[in-house]
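For reference, the structure discussed in these notes is given below.
Counting begins at 1 with the first residue of the sequence. When reading the values below, keep in mind they use all heavy atoms of this one structure, side chains included, and skip hydrogens, waters and symmetry mates.
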Amino acid sequence: GSEAAGEQGQEEEVEDRLKEHMDNLLDKSAKTRQVALQSLRLIFSSKIFSEFLLERRLMLTDSLEKCLKKGKGEEQALAGTVLTLLCLQMGSGPEGEELFRSLKPLFIGVLTDSTASPGARQSCATAVGMCCYIAAADLE
């Protein structure tokens, strides 16, 4: 019983940190947004949060899209990586397909933008490949 309660407490703590990092994606400071992106990358790489993210995916996707559209260099590269991990978290079901369908034009836009940093372009290329492999319903 106490072990389950301890796990529940740890899960809530991680979810609180996730919420905080998600809020920080909207901060005016690029440094704060980058730290939030790095933290989200680490958290999403370590555990599946599909239930938690399903409820918040639209807000999170919107915040990450802003980082990818308006950010520069490192911020764009991190946003592309976190979006890839979000796609992995959503999986191959309808949510993952919807996410990929909405993000694909943005990824392609950064990928083909010759003024974008090489890191951002590489991150978006990886995102297109990974998300397509995981969530694309259309074989083309």
*Looking at K66 and D62, does any basic side-chain N land under 4.0 Å from a carboxylate oxygen?*
yes
_Which heavy atom of L85 sits nearest to which heavy atom of F44, and what is that distance?_
CB-CB, 3.8 Å
*Check whether any side-chain heavy atom of L103 lies under 4.5 Å from a side-chain heavy atom of T61, and answer yes or no.*
yes
*Which heavy-atom pair separates S117 from G73 by the least distance, and what is that distance?*
OG-CA, 3.4 Å
_Closest approach of F100 to V128 (non-hydrogen atoms, all atoms of both residues)_ = CE1-O, 4.0 Å
*Indicate, with yes or no, if L86 and M59 share a hydrophobic cluster defined by side-chain heavy-atom contacts under 4.5 Å among Ile, Leu, Val, Met, Phe, Trp and Tyr.*
yes
*So which heavy atom on L64 is nearest to which on A79, and how close?*
O-CB, 3.9 Å
_Quick check for you: to the nearest 0.5 Å, what is the distance between E95 atom CD and C87 atom SG?_
11.5 Å
*asked:* Using a strict threshold of under 4.0 Å (side-chain N to carboxylate O), is an ion pair present between R56 and E15?
replied: no
*Which heavy-atom pair separates Q76 from S123 by the least distance, and what is that distance?*
O-OG, 4.4 Å
*E65 CD to S102 OG distance, which is reported to the nearest 0.5 Å*: 5.5 Å
*Donor-acceptor contact present, side-chain R41 to main-chain V82, <3.5 Å*: no
*Measuring from L18:CG to E11:CD, what's the distance to the nearest 0.5 Å?*
9.5 Å
*Might you confirm whether atom CE of M22 has over 12 heavy atoms from other residues, nucleotides or ligands at distances under 6.0 Å?*
yes
*Rounded to the nearest 0.5 Å, how far does NE2 of H21 lie from CG of D27?*
13.0 Å
*I134 and T84, any side-chain heavy atoms less than 4.5 Å apart*: no
*Under the side-chain contact (heavy atoms from CB on, under 4.5 Å) criterion, do R57 and E98 qualify, and how do the steps go?*
CA-CA 11 Å; R57 74 180 185 277; E98 179 186 325; 3.9 Å; yes
_Chi angles and distances behind the side-chain contact (heavy atoms from CB on, under 4.5 Å) call for T81, L37_ = CA-CA 9 Å; T81 301; L37 287 165; over 6 Å; no
_C67 side chain near L78 side chain, heavy-atom distance below 4.5 Å_ = no
_Could you check whether any side-chain N or O of Q89 sits under 3.5 Å from a backbone N or O of K47, counting only pairs where one atom can act as donor and the other as acceptor?_
yes
*asked:* Grouping I, L, V, M, F, W and Y whenever their side-chain heavy atoms are under 4.5 Å apart, do L54 and L88 come out in a common cluster?
replied: yes
_Euclidean distance, D23 CG relative to L60 CG, rounded to 0.5 Å_ = 10.5 Å
*For M90 and S50, which heavy atoms make the closest approach, and how far apart are they?*
CE-O, 4.3 Å
*Look at the side chain of R33 and the backbone N and O of K28, then say whether any donor-acceptor pair between them is shorter than 3.5 Å.*
yes
*Out of curiosity, L68 CG to L83 CG, how far, rounded to the nearest 0.5 Å?*
6.5 Å
*In terms of hydrophobic clustering (I, L, V, M, F, W, Y; side-chain heavy atoms under 4.5 Å; direct or indirect links), are L106 and L58 co-clustered?*
no
_Residue pair V14 / F52, side-chain heavy-atom distance below 4.5 Å_ = no
